[in-house]
Amino acid sequence: MLVSLHTRRALQLVMGLMTGICLGFLLQKGGATDYNVVTGQLMLLDFTILKIMLSAVVTGMIGVYALRELGLVRLHIKSGSVGSTIVGGLIFGVGFAILGYCPGTIAGAVGRGSMDALFGGMIGMLVGSGIFAFIYDRLDKELLSIGRFGPITIPQLFKVSPWRVIIPLALLIPCFMLALEIFGL
Amino acid sequence: MHRWSPYAVGAGIGVLSWISFLISDKPLGASTSFARTTGMILKVFHAEKVERNRFFREVEPQVDWQWMLVLGIVIGAAIAALISGDYGITWVPQRWALKFGAAPAVRLFWALVGGTIMGIGARWAGGCTSGHGISGFFQLAVSSWIAVLCFFVSGTITALILL
């Protein structure tokens, strides 16, 4: 791993910015910064968002696991719990549908001139994060720790080599995409 | 052509993930930066309260790699919109206007409500549609697969009822 590069803080901030510029460019070009496209996905009318996500998943999965085999990168697996992942995920979805942008694409929406993203959604996200910060301590003791399962991956769960999961997924996901195209979705 | 193929865009995001893992040891994500920003703003008014808060001790209110990434998304999308002639100030999205009318104040209010709920949910679930939905999902994280399922199940139900 390029540890000497990773520890250069100022340089990393510049790299974060440049990575973000590329990501924002792609999100805008893909239509993911558009309220109509995002809500179209949630209403099952427009599958653009799912196509972008699945294509990113296949590409990212193969590349990052291959780089890991070469010892060049390490994984960053988030731990989860029933009380955190499931309850939080369900809350997230409600806000996601009302707002019509997600935390990454809302930044892109601001970039393309959507004022509801800037003066509504972004401020809402700041308020929501603040509310969470002040209920976190109690929430963590009473709910977030219920059913904790730690930072595990699917291959670890089934005790198989990652490639036993990656290869089938890398075949199934493109078949699913093909089906979406065949059905004109 | 204004819009690129979603498959090409997705593959581009996948390749960008390889690069960010390699050169920065970081997965792509966005939502934590909003929590850091809240901390930075609150610190101006209530420095002590923020320093004592357990959440802000874990999620430090500072500009980090991911915060710069989110700033970069704004710039990158603006560049793409400007060179394609897609840039435009809008207050009320089309689908919203069809259902709820074109009044900006109504849309802003509900965007604020939606953003607040989403902000709480993102921290509650420990990530969002980028951190869990793309980065966590392709790393085959169990937490991310469950989170993504929950995002889309409740998002789809809410959208079908609401819109």
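Numbered from 1 within each chain, the chains take letters A, B, ... in sequence-line order. Reckoned from all heavy atoms, side chains included, excluding hydrogens, waters and symmetry mates.
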Counting only non-hydrogen atoms closer than 4.5 Å, does [X] touch chain A with its backbone (N, CA, C, O), its side chain (CB onward), both, or neither?
| X | answer |
| --- | --- |
| Leu28(B) | side chain |
| Leu42(B) | side chain |
| Ile41(B) | side chain |
| Gln66(B) | neither |
| Ile83(B) | side chain |
| Leu162(B) | side chain |

Atom pair [atom1]/[atom2] of [X] and [Y] - distance to nearest 0.5 Å:
| X | Y | atom1 | atom2 | result |
| --- | --- | --- | --- | --- |
| Arg8(A) | Ile23(B) | CZ | CD1 | 12.0 Å |
| Trp124(B) | Ile86(A) | CH2 | CD1 | 13.5 Å |
| Lys26(B) | Met15(A) | NZ | CE | 12.5 Å |
| Met18(A) | Ser24(B) | CE | OG | 9.0 Å |
| Leu17(A) | Trp67(B) | CG | CH2 | 10.0 Å |
| Ile13(B) | Ile52(A) | CD1 | CD1 | 6.0 Å |

Working for side chain to side chain contact (heavy atoms under 4.5 Å, CB included), residues Thr48(A) and Val9(B): CA-CA 10 Å; Thr48(A) 304; Val9(B) 168; over 6 Å; no
Let's test your reading of the structure: which of [options] forms the most heavy-atom pairs below 4.5 Å with chain A?
| options | answer |
| --- | --- |
| Thr158(B), Ile117(B), Thr116(B) | Thr116(B) |
| Ile79(B), Val113(B), Ile73(B) | Ile73(B) |
| Ala80(B), Ala30(B), Ser130(B) | Ala80(B) |

Under 4.5 Å from a heavy atom of chain B, the part of Phe134(A) involved: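 Both backbone and side chain.
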Counting only heavy atoms closer than 4.5 Å, note whether Leu70(A) contacts chain B via side chain, backbone, both or neither.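 Answer is neither: Leu70(A) stays 4.5 Å or more from chain B.
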Between [X] and [Y], is there shared hydrophobic-cluster membership here, with clusters defined by ILVMFWY side-chain heavy atoms closer than 4.5 Å?
| X | Y | value |
| --- | --- | --- |
| Phe158(A) | Met61(A) | yes |
| Val160(A) | Ile77(A) | yes |
| Val153(B) | Trp145(B) | no |
| Leu185(A) | Leu50(A) | yes |
| Val38(A) | Ile161(B) | no |

If you count heavy-atom pairs under 4.5 Å with chain B, which of [options] comes out on top?
| options | answer |
| --- | --- |
| Gly113(A), Gly63(A), Ala66(A) | Gly113(A) |
| Leu169(A), Leu139(A), Ile123(A) | Leu139(A) |
| Ile98(A), Ile91(A), Ile21(A) | Ile21(A) |
| His76(A), Met43(A), Arg68(A), Arg9(A) | His76(A) |
| Val110(A), Leu72(A), Thr39(A) | Thr39(A) |
| Ala97(A), Ala107(A), Gly80(A) | Ala107(A) |

Using every non-hydrogen atom in the two residues, find where [X] and [Y] come nearest and quote the distance to one decimal.
| X | Y | value |
| --- | --- | --- |
| Ile89(B) | Met115(A) | CD1-CE, 3.4 Å |
| Cys128(B) | Phe92(A) | CB-CE1, 3.7 Å |
| Thr38(B) | Ser129(A) | OG1-CB, 3.8 Å |
| Ser20(B) | Thr19(A) | CB-CG2, 4.2 Å |
| Leu22(B) | Leu2(A) | O-CD1, 3.5 Å |
| Cys102(A) | Thr129(B) | CB-OG1, 2.8 Å |

Could you tell me whether the side chain of [X] and the main chain of [Y] form a donor-acceptor pair under 3.5 Å?
| X | Y | result |
| --- | --- | --- |
| Ser114(A) | Thr90(B) | no |
| Asn36(A) | Arg95(B) | yes |
| Arg123(B) | Phe132(A) | no |
| Thr59(A) | Gly14(B) | no |
| Thr153(A) | Ala141(B) | no |
| Lys78(A) | Gly126(B) | yes |

Polar side chain donor-acceptor pair, Lys51(A) to Ser5(B), under 3.5 angstrom: no
I'd like to know if the side chain of Tyr87(B) pairs up with that of Gln28(A) as donor and acceptor (distance under 3.5 Å, no hydrogens or angles considered). no
Electrostatic pair Asp25(B)-Arg74(A), nearest N-O below 4.0 angstrom: yes
Taking the basic N atoms (NZ, or NE/NH1/NH2) and the acidic carboxylate oxygens, is any pair closer than 4.0 Å for Arg54(B) and Asp140(A)?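 Yes, this pair counts.
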Apply side chain to side chain contact (heavy atoms under 4.5 Å, CB included) to the pair Trp96(B) and Asp116(A), showing each step before the final yes or no. CA-CA 11 Å; Trp96(B) 178 275; Asp116(A) 58 327; over 6 Å; no
Hey, is CD on Gln94(B) packed in by over 12 heavy atoms from elsewhere, all under 6.0 Å? no
Does atom CD of Glu48(B) have more than 12 heavy-atom neighbours from other groups under 6.0 Å away?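 Counting neighbours around CD of Glu48(B), 12 or fewer heavy atoms of other residues, nucleotides or ligands fall under 6.0 Å, so no.
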Can you check whether Met125(A) reaches Met118(B) side chain to side chain, under 4.5 Å on heavy atoms?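 Yes, close enough: below the 4.5 Å cut-off.
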Side chain to side chain contact (heavy atoms under 4.5 Å, CB included) between Phe138(B) and Met53(A): does it pass, once the steps are laid out? CA-CA 10 Å; Phe138(B) 80 60; Met53(A) 286 179 78; over 6 Å; no
Anything under 30° is parallel, anything over 60° is perpendicular, the rest tilted; go ahead and classify Tyr136(A) against Phe55(B).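 It falls in the perpendicular class, over 60°.
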Hey, mind stepping through Leu75(A) and Leu140(B) against side chain to side chain contact (heavy atoms under 4.5 Å, CB included) and telling me if it holds? CA-CA 10 Å; Leu75(A) 298 183; Leu140(B) 309 171; over 6 Å; no
Is the distance between the ring centroids of Trp18(B) and Tyr65(A) under 6.0 Å? no
Would you say the ring centers of Phe96(A) and Phe151(B) fall short of 6.0 Å from each other?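 No - the distance between ring centres of Phe96(A) and Phe151(B) does not fall below the 6.0 Å cut-off.
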